[in-house]
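Data block below; observations after.
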Number of protein chains: 2
Amino acid sequence: MNVTIADIAKATGLAKSTISGALNNKSGFSEKTRRRVLAAAEELGYVPNEIARGLSSKSTGSIGLIIKDITNPFYNHITKGVQEIAGEHGYTVFLCSSGEEHQAEIKHIQAMVRKRVDGLIIAPLLEEVTFDHFFELKEQNVPFVLLGKIQGLSCDTYDFDDYDGGRQVTEHLLSMGHTRICFVRGPKTSKAAKLRYSAFIDTLKSHGIEADERYVFQNANGIADGMAVGKQIAAMPDRPTAVICFDDVIAIGVIKAVMEAGLQVPEDLSIIGFDDIEVNTFPLTTVSIPTYEAGKALAWTLFDRILQRRTSGFQHITFEQKLIERASVRQLHNK
Amino acid sequence: MNVTIADIAKATGLAKSTISGALNNKSGFSEKTRRRVLAAAEELGYVPNEIARGLSSKSTGSIGLIIKDITNPFYNHITKGVQEIAGEHGYTVFLCSSGEEHQAEIKHIQAMVRKRVDGLIIAPLLEEVTFDHFFELKEQNVPFVLLGKIQGLSCDTYDFDDYDGGRQVTEHLLSMGHTRICFVRGPKTSKAAKLRYSAFIDTLKSHGIEADERYVFQNANGIADGMAVGKQIAAMPDRPTAVICFDDVIAIGVIKAVMEAGLQVPEDLSIIGFDDIEVNTFPLTTVSIPTYEAGKALAWTLFDRILQRRTSGFQHITFEQKLIERASVRQLHNK
DNA sequence: TTGTACGCGTTATCAA
DNA sequence: TTGATAACGCGTACAA
């Protein structure tokens, strides 16, 4: 059914090794043979089998990308960046989504190793769980790059400066006169959420303010959770004046819900998000995060390893986060 | 470096075939041997090589998904659906993005065949180009499912009823008193765009109205184009009263731009989109399209073929599109 | 129940 | 410049 180099060897009367060599543009074959081989290949409808090639050559031309949720702009921009660079290298990418499930992450990583990907990008890892599978991965000897860091594990990493992002938004709100601030934490497996929250607490404290427990929502993820939180906020007797959301998706959910409840943003409630997603009409004050660039950078670094363009020590790069002021935060006068 | 079944055979003193059988839970092995094998595998850190397995078994456990742009909610919801079903089957998915480039689509399809994926989902195909590569694909004997149809090519297909969607939005606008309607066509390689536009023209005509050429924008794609179009519309001397956008992303771009130009939606301009994307605060009247469900359905159908759960004739399924009225279309009194 | 031998489609190493 | 032949890691008849 499937035509192989053996078939085309038989057809041309040449040896398999000759076919292979000619097909792969190796030097040392006469132009005549080369033509003959190419013609026969075309003729028979030969399609190289990358699986066999991979078995023999120890390289599959595939990399794996593990993310949480392709539906979220944060991740799909990273994905876009990774794909672009992979494409430039003639590579193909396996996309795996773990959601919030630790077991899924483990399974995906193992599946990628079994499929013998040439490299792996994990962006970002889940937190609040064991990291054994990463140490195992390290043993496995497949190059990988992380968006995030793991204590004691040496590999290339990237990071967004989440603590600083959290600090910036808090400072901003404070400077606009807000003190009753609500904080919507993201997924419980998110280190970014943890860092931003710490920054929030610390920054508040440095201004002599204690965070109000009633104003922090623990695990929000996606627009539905954002809306649920928004509904609760709108119904609070002593509503906060501002809310910091883990990401723009959640922020949009909050906005939808509070508007449905008859409130105005920012008149009745100021809102800040993270990610600066582009497809959005609301003039949301947010923190811009270079996800697309990070995706490209992650992939570049991975290919540096795969192609051994770089063999020295591991690098750790941190991307800045930058507050973008738009119109979802109101200047408060009546403190 | 990498431990193989041969290594574990040597370690246990058993034969390779015994290892293979025990590892794959084949019947006919004593519990004792099985344990011994498993223990040794664990001990040595054995990781099955799916590449070798694939070569031997003729099945890679991977499928390919080809889309245009992972950044667009339309596609990432399809992707999510596909991934979910693939995961349930223990399969992994290669994600390929073609953008608007015909050559990229061809390359990706060929790459997938060379990697010997067990099946392929192409959603949706590019239009206005040759389809030779699909006929070749058919020859290749790899199962595939299309979102869209190709004249003369028999395979399983899904479809959204784009013509009807176009009809619905036009009827709606007409019923709200609009006659000066702008139409923003989507990517030039989109059949959906073509069908919706035909419906628009036909529906208008059936009401005795001729479409105004000045009001149709040819190839818009993504939010940037949407904004460019919005800017142009805002500056028009005899502005249309309503605009139909190819998708919500474009619609959001148009809204951003016209609002920046000082216009109100829908007071000054009514806007309709397609896709009903969830992450959006604007009360956009739009057409809901079951992308996530379609993704799952596409994958189900593909696995029906891969696993030979279904071997009879090809099926063609059409999903309905449904107008969702929100608040971006204004009732016009002064006709 | 276990072992032997071969095939899967390529690449790579040597001889010729 | 070309041709045997042996890997690559695993599955699987078939034989023991």
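The sequence lines fix the lettering, A, B, ..., with proteins before strands; numbering per chain opens at 1.
For residues 7-15 of chain B, proximity to DNA chain D is found at no residue, defined as any non-hydrogen atom under 4.0 angstrom from a strand atom. Contacts between residues 49-57 of chain A and DNA chain D, defined by a heavy-atom separation under 4.0 Å, are made by L55(A), S56(A). For DNA chain C, no neighbouring residue in residues 36-46 of chain B is found when judged by any heavy atom under 4.0 Å. Of the residues in residues 20-35 of chain A, those placing a heavy atom less than 4.0 Å from an atom of DNA chain D are G28(A), F29(A), S30(A), T33(A), in numerical order.
Under the ring pair (Phe, Tyr, Trp, His ring centres under 6.0 Å) criterion, the residue pairs touching residues 81-102 of chain B are F94(A)-F94(B), H89(B)-W300(B), H89(B)-F303(B), Y91(B)-F303(B), H102(B)-H133(B), with sequence neighbours excluded. Residue pairs meeting the ring pair (Phe, Tyr, Trp, His ring centres under 6.0 Å) criterion with at least one member in residues 4-47 of chain A, sequence neighbours excluded, do not occur.
Among the atoms of the strands shown, only primed sugar atoms or phosphate atoms (P, OP1, OP2) are found under 4.0 Å from some heavy atom of T4(A). In this structure, K58(A) reaches the sugar-phosphate backbone alone: every heavy-atom distance under 4.0 Å involves primed, P, OP1 or OP2 atoms, never a base.
The distance between atom CD1 of I5(B) and atom C1' of dA7(D), rounded to the nearest whole Å, is 15 Å. Distance R114(A) CZ to dG9(D) P: 16 Å, rounded to the nearest Å. Per the geometry, CD1 belonging to I19(B) stands 11 Å off C1' belonging to dG3(C), to the nearest Å.
Heavy-atom nearest nucleotides on DNA chain C were determined for T18(B) and for A6(A), and the one closer to the 5' end corresponds to T18(B).
Side-chain polar atoms of T318(B) and D159(B) form no donor-acceptor pair below 3.5 angstrom. Residues T189(B) and K68(B) have side chains that bring a donor and an acceptor to within less than 3.5 angstrom of each other. At a cut-off of 3.5 Å, with distance as the only test, a side-chain donor of K115(A) or S62(B) sits close to an acceptor on the other residue.
With sequence neighbours left out, N72(B) forms a side-chain hydrogen bond (donor to acceptor under 3.5 Å, both in side chains) with D247(B). By the side-chain contact (heavy atoms from CB on, under 4.5 Å) test, S98(B) is found to be paired with I66(B), A104(B), E105(B), H108(B), residues two or more places apart in sequence or in another chain being considered. Here P73(A) pairs with N76(A), H77(A), V249(A), I277(A) under the side-chain contact (heavy atoms from CB on, under 4.5 Å) rule; sequence neighbours left out. Under the side-chain hydrogen bond (donor to acceptor under 3.5 Å, both in side chains) criterion, S30(B) pairs with T33(B), sequence neighbours left out. Applying the side-chain hydrogen bond (donor to acceptor under 3.5 Å, both in side chains) rule to E84(A) yields the partners Y292(A); only residues at least two apart in sequence or on another chain are considered. The salt bridge (Lys or Arg N to Asp or Glu O under 4.0 Å) test applied to R53(B) returns E50(B), not counting sequence neighbours.
Across every non-hydrogen atom of V3(A) and G45(A), the tightest pair is CG1-O, 3.6 Å.
In terms of polar N and O atoms assigned as donor or acceptor, the side chain of K16(A) comes within less than 3.5 Å of the base of dT10(C) in a complementary pairing.
Tested against Q315(A), the residues D156(A), T301(A), T157(A) include a single side chain to side chain donor-acceptor pair (under 3.5 Å) partner, T301(A).
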